[in-house]
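Below is one structure, written out as structure tokens, with a few remarks after it.
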Amino acid sequence: MTKISSYYLPATVREAASRLSKPGAAIIAGSTLAARNLPAGTMAAVDLRRLPLKYIKADAKGLHLGACATFSDILDSKTACAWAGGILRSAAFKVSSQLIRNMATVGGNIARPMPYNHLPPVFAALDAKVLVAAKGKTAYYQFGELAGKPLAGTLGKKALIVEVLLPAATKNMRGVFEKFSKAPSMWESYALVAAALAFKNGVCSGAGLALGAAVPRVVRLAAVEAALIGSPVTETTAGAAVSAAPDGLELGAQREYKRELLPVLIRRAIIAAAREDK
Amino acid sequence: MPDNKTAFKVVNHRVNKLDSLGLACGTAEFADDWNPPRMLVGKLLYSPHAHARIKKIDTSAAERVPGVSAVLTHKNTPRIRHTTAGQGFPEPSPYDSLIFDDKMRFVGDRVAAVAAETSEAAQEALSKIKVDYEVLPAVFDILDAAKDGAPVIHDEADSKNIPDAKHNICAAYALDIKDHEWYSTADAVIEQTYKTQYAQHCALEPHTVIAYFDADGRIVLRSSTQVPFHVRRIVAQSLGMEVKRIRVIKPRIGGGFGSKQEVFLDQACAALLLAAKRPVKMELSRREVFVSSRTRHPAVIHLKTGVKKDGKITDLDLAITLGNGAYGAHALTVMMCSGSHTMPLYQAQNNKFTGRTVYTNLPVAGAYRGYGATQGFFALESQMDMMAEAIGMDPVEFRLKNYIKQGQGSPIFKAMGEGREGVEQVMQSCGLERCIEEGLKASGWREKRELYKKQAGAKRRGIGCACLMQGSGIPEVDMASATIKMNEDGSFNLLIGAADLGTGSDTVLAQIAAEVLGVRHGDVLVYSSDTDLTPFDVGAYASSTTFISGNAVRKAAENVKTMILSVAAKILNEKPENMRLEGGRVVAASGISCPLSEVANTSLYYHDQHQIIASASHTATTSPPPFSAHFAEVEVDTETGAVAVLNYVAAVECGTAINPALAEGQNDGAVLNGLSFALTEELEFNAAGAAKNASFRGYKIFGAYDTPPIKTILLSTYEPAGPFGAKSVSEIGINGPQPALANAIYHAVGVRLTEPPFTPDKVLAAIRAKR
Amino acid sequence: MTAVRRTAKAISLTAENGIFRIEVAVNGVRGSWRVGAEDTLLSALRANGWKGVKRGCDTGECGSCTVLVDGTPELACLKLAVSAHGREITTIEGLGSPAEPHPLQEAFVEAGAVQCGFCIPGMILVSKALLDKNPEPSETQIRHALDGNLCRCTGYVKQVEAVRLAAGKIKNREVRRAGQ
């Protein structure tokens, strides 16, 4: 671990961003990872707990999740639990430990690319936007594009996640979050699937499908999504859409098994999402 | 025969465990909850190589780190070969270990130790120890290790009791009881190989030892151990000093399950104390517990059996190879138990057992709940179902036709003990049939066997069973003793060597004493596991505490009772044979009585003053097994390979349950451990022999949300050789889930899994292979 | 001497020779701690005498180090000690004692849910937070709340019963109190 010489508890995002812009600073949010893995050379820890970022509120733009809201906060929020057919609720519920649900934050869950984290596939599937404060500028970035930006490497260090916004259009989508692991209370899962579907007159009009854990970085299954749109969702159409999934996924360990498993999980997630009676 | 329910006042009652309240309030003290003043922190340096000689080791830079008081290596510690296995002396395990060796035999073997003011200083010192290794070829596969040409792991001249070091064989045993020509009477012959995996105990409290000098310069070890007396002896032996220089105290322990039936940390800590001349604490990290404490023996079992159409098992040939890892602790005994605690369950006419335990360059295996029977039963109980199918018989009916009944014995009992010959015994208590009956009812076996014959869809259900036995202590080897003294208010001090590792043995033994003495269990003040103050006990293993220590307590209590009655005779002017102890009083047949306090005060202060105190010891001549029947219902997802346990019923009989709540709790915990052992647990290694998943994150034990519905049904029998009819219960439950689930999965999807854990990928591959 | 500077709103703690001075309340008692920059809340609590907080893995994976931080169960081994500045920590000792046990402590004893006891302080604290929020939880809710607290002894069977038993005790206490 690194020996910090100062511990800073800002009360506003401005103070936090300002402190972060100075050298040797690093964020501690939920303290499930960062606190005991501060980058070498960190001199100041910036603890976000006093920031007014624990909100979960819906408005015309969509659902705003404050970066310091925890998984337990999500589970306590009726609005968040109802959003997009319960996809967010399910992702929060399936985090494998109550203690982690109490501590881990929305911002912390996406700040570093940890393959087993639950929120990245959900945010990818819902086309979420991330509000980031850095270098005196605060702006929204598409979640899916954030990984590619140089900004991504500074999250937690020079850049501060302020909130995640789930667009208003996703509110009434039907969504599910599936986790397939050796046992429910295991962080390391074989696969995470986030599926959100929009319907118009019984026909699928929009789809967000994202895969996590089985691959090193969250992947949107764009080809499957495209194949779903324009038809009703049935076992047949779901199966057909899934066979449009790319072969070139980097599956890492146990790839033979994952090749068999993933089409099943994705197909089942699509069917489950499409069900009205949940 | 006493009726368990009505005859006993304290025994067989669900009294509160004596230490529960202190534990629930955080006031009970575990090893690290009390530290002596000026205590140093001790840390270990581990080998990065699976097999290597230390050509040179330079600790000079480490010694100069500020705050460092001592640095130990093979160069400055005694070179006295011993075994780390906590067993009775002389231990039936190879003497192949040193405190520090100049040869490293697995990734995680011990190179050196440092004692320093702080953890950070100790870590810094470890990082500055310079080691030149000569890396040697390593062998990891347990079958390869015994072949000609495999690297020889123990090539040193000064190790003892290794049957065939050149072939890495650290234990070997064979038994052949032939009644007829092999398979000549069988209608079906089944042959199958099974492979069970490396597992770790995962007791929540890591191994911890604090070593300090008392006022007279004796070494005191405050140790999280199941075997305080073996610790004292082995530390003395490995340091080359007399036993009387050492005192071992066991505080509360946070679980052990066999991992703390081992003396590997205590001698290193004592050595640091001697070098640093200040108290030292060594507490293993969780990673160190996974890799460098002890594990369960992985095994390859080849089982060949013959069976007649009428259901009689004619031939039973079990060959097992176990992997002990780099050192041979428990090599012979675990191997023998895989046969001695399994084969007698069914009365086969021909019996053959061939066992080998081999060294590999992997973490060291040791004692783990089940102790070989776990591996043996996976094979045997899986094969029972295969045999039943071969002759078209229901698996339960088949077991009922073959199991050992009350009054029956087995030639295996006499031939095979644990590390030596066994003892002849016949079953004086056997409730297996009732366990089966209750289990059939509670699990809905008959309906479900029928119902699940025709299924459609991706998810298929099945129900499977396993029957089990274990043992109660090691006959003619294990010894326990107890001392009881009386206080003026009619309370008693019970001093026992027996080690309570969370099992509640302090309470159980207090109940036994209280039953004899006619008091409440809270009137018996228990002090246990202090080698200076409590009499000898081998310690908590082999399911021996209730059966053997319990009898010692009963005897001591009877002796105290005699002394009480002798004093009371003068007080009440009655003959001792006309008086009994009841409700804290001495009661005469005539009806007159006096309180125990009057007896105590009389003996202490008034007349013919003496302390009412007695000791007694006990060894057993038999090891009566508890019996259990397990029923598992599963749902297998044929598209993903996921196995969900829908319901698990374990009916168990342990003779009289001295404390039914504690007995149930033992069985619940054992069953759950067995379930994750069947479904998720496996310590995995990379190509260089380093553990890949040495953490709770990567090595999955079940949490509360993973736990399927488990029902323990406790039944009672009466075992005449046990205290108030008691046998044992702590181990047997862990052996059921692996075979019961394998059998249930077979029932569900027609696939026979022989290599646990039954993770989804393996299950799916097996389903695909069948198609 | 540690400098604690308050700007308009921010709190800034500075270490001297690697030591922070913080103000923290443990079990209702306010005090000052000197903590190393790398110390975890777990080691600081134990160093300050709160031995009921246990170290099972030191990596946040077993739950033995659970404490309540401002009423919420959290893992003390994952938090820096310095982060406890200005917070209220509750350990098992703050819930009750053998002389005056909390209904949860009584219930765990009566239900036979305590074997080795190492996981129990964490279990009980999490259960307290659960019952504070949800006085009559279902079995699934109990298991979900306890899913981060590992136990190798009990199979969780009697622990779930204990939480139910405690819920009943607490309810009765309140009914009785209301009736007084």
Side-chain angles (χ1 to χ4, degrees), chain B residues 14 16-17 19-30 32-34 118-120 201-206 252-257 283 285-287 289 500-504 659 661-662 664-673 675 695-697 701-707 710-712, chain C residues 36 38 43 46 50-64 91-99 101-102 104-121 123-124 140 142-160:
Chain B
R14 293 171 177 267
N16 287 344
K17 188 150 85 73
D19 52 4
S20 288
L21 191 57
L23 290 165
C25 295
T27 54
E29 292 190 326
F30 294 81
D32 187 38
D33 295 338
W34 175 86
T118 62
S119 234
E120 291 73 42
H201 315 61
C202 298
L204 267 292
E205 183 211 17
R252 304 292 350 141
I253 310 183
F257 314 108
E283 179 186 322
S285 70
R286 181 52 55 181
R287 188 184 174 79
V289 172
D500 188 329
L501 55 155
T503 45
N659 188 320
L662 295 181
E664 286 164 1
Q666 283 297 299
N667 199 60
D668 293 338
V671 164
L672 187 67
N673 190 334
L675 282 169
S695 70
F696 285 132
R697 168 167 291 173
I701 73 174
F702 279 3
Y705 196 70
D706 305 310
T707 299
I710 296 173
K711 178 91 190 107
T712 290
Chain C
E38 289 170 314
S43 48
R46 287 182 63 79
W50 302 107
K51 304 293 188 182
V53 192
K54 305 299 183 194
R55 177 181 292 109
C57 71
D58 221 24
T59 49
E61 293 159 21
C62 75
S64 302
T91 70
I92 189 67
E93 293 97 329
L95 220 57
S97 64
H102 185 277
L104 269 165
Q105 290 163 325
E106 282 176 353
F108 268 70
V109 170
E110 287 164 25
V114 181
Q115 287 187 35
C116 85
F118 199 75
C119 74
I120 294 296
M123 285 272 176
I124 288 181
T140 305
I142 294 172
R143 287 181 178 280
H144 192 241
L146 294 180
D147 63 358
N149 292 84
L150 293 180
C151 170
R152 196 58 148 168
C153 292
T154 65
Y156 309 102
V157 178
K158 292 185 191 302
Q159 292 176 338
V160 171

Using heavy-atom distances under 4.5 Å, tell me whether [X] contacts chain C through its side chain, its backbone, both, or neither.
| X | result |
| --- | --- |
| B:Gln666 | both |
| B:Asp32 | both |
| B:Ile253 | backbone |
| B:Leu662 | neither |
| B:Arg252 | neither |
| B:Thr27 | side chain |

Under 4.5 Å from any heavy atom of chain B, what part of [X] do you find: side chain, backbone, both or neither?
| X | result |
| --- | --- |
| C:Ile92 | both |
| C:Ile124 | side chain |
| C:Thr59 | neither |
| C:Cys153 | both |
| C:Thr140 | both |
| C:Arg46 | side chain |

Hey, are the side chains of B:Thr712 and C:Val157 touching, using non-hydrogen atoms and a 4.5 Å cut-off?
->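 They are not in contact (no side-chain heavy atoms under 4.5 Å apart), so the answer is no.
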
Which atom pair, heavy atoms only, marks the closest approach of B:Ser20 to C:Val114?
->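 The answer is OG-CB, 3.8 Å.
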
List the atom of B:Pro206, the atom of C:Phe118, and the distance in Å for their closest heavy-atom pair.
->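 Closest approach of B:Pro206 to C:Phe118, heavy atoms only: CD-CZ, 4.4 Å.
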
Could you tell me whether a side-chain N or O of [X] sits under 3.5 Å from a main-chain N or O of [Y], the two making a donor and an acceptor?
| X | Y | result |
| --- | --- | --- |
| C:Glu61 | B:Ser695 | no |
| C:Lys51 | B:Trp34 | no |
| C:Arg152 | B:Asn673 | no |
| C:Tyr156 | B:Asp706 | no |

Hey, which of [options] has the most heavy atom pairs under 4.5 Å with chain C?
| options | answer |
| --- | --- |
| B:Ala24, B:Gly26, B:Ser119 | B:Ala24 |
| B:Lys711, B:His201, B:Glu120 | B:His201 |
| B:Gly22, B:Ala670, B:Gly665, B:Gly256 | B:Gly665 |
| B:Leu672, B:Leu23, B:Leu204 | B:Leu204 |
| B:Glu664, B:Arg287, B:Arg14 | B:Glu664 |

Measure the CG-CD distance between B:Asp668 and C:Gln115 for me, rounded to the nearest 0.5 Å.
->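 Separation between the atoms: 8.0 Å.
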
Point-to-point distance, once rounded to the nearest 0.5 Å, from CZ of C:Arg143 to OH of B:Tyr705 =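 Result: 10.5 Å between the selected atoms.
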
Most chain B-contacting option - heavy-atom pairs closer than 4.5 Å, from C:Gly112, C:Ser97, C:Ala113, C:Pro101 |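 The option with the most such pairs is C:Ser97.
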
Determine the option with the most heavy-atom pairs under 4.5 angstrom with chain B, choosing from C:Gly56, C:Gly52, C:Gly94.
->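 Most pairs with chain B among the choices: C:Gly56.
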
C:Lys158 atom NZ: more than 12 heavy-atom contacts under 6.0 Å |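 Above 12, so yes.
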
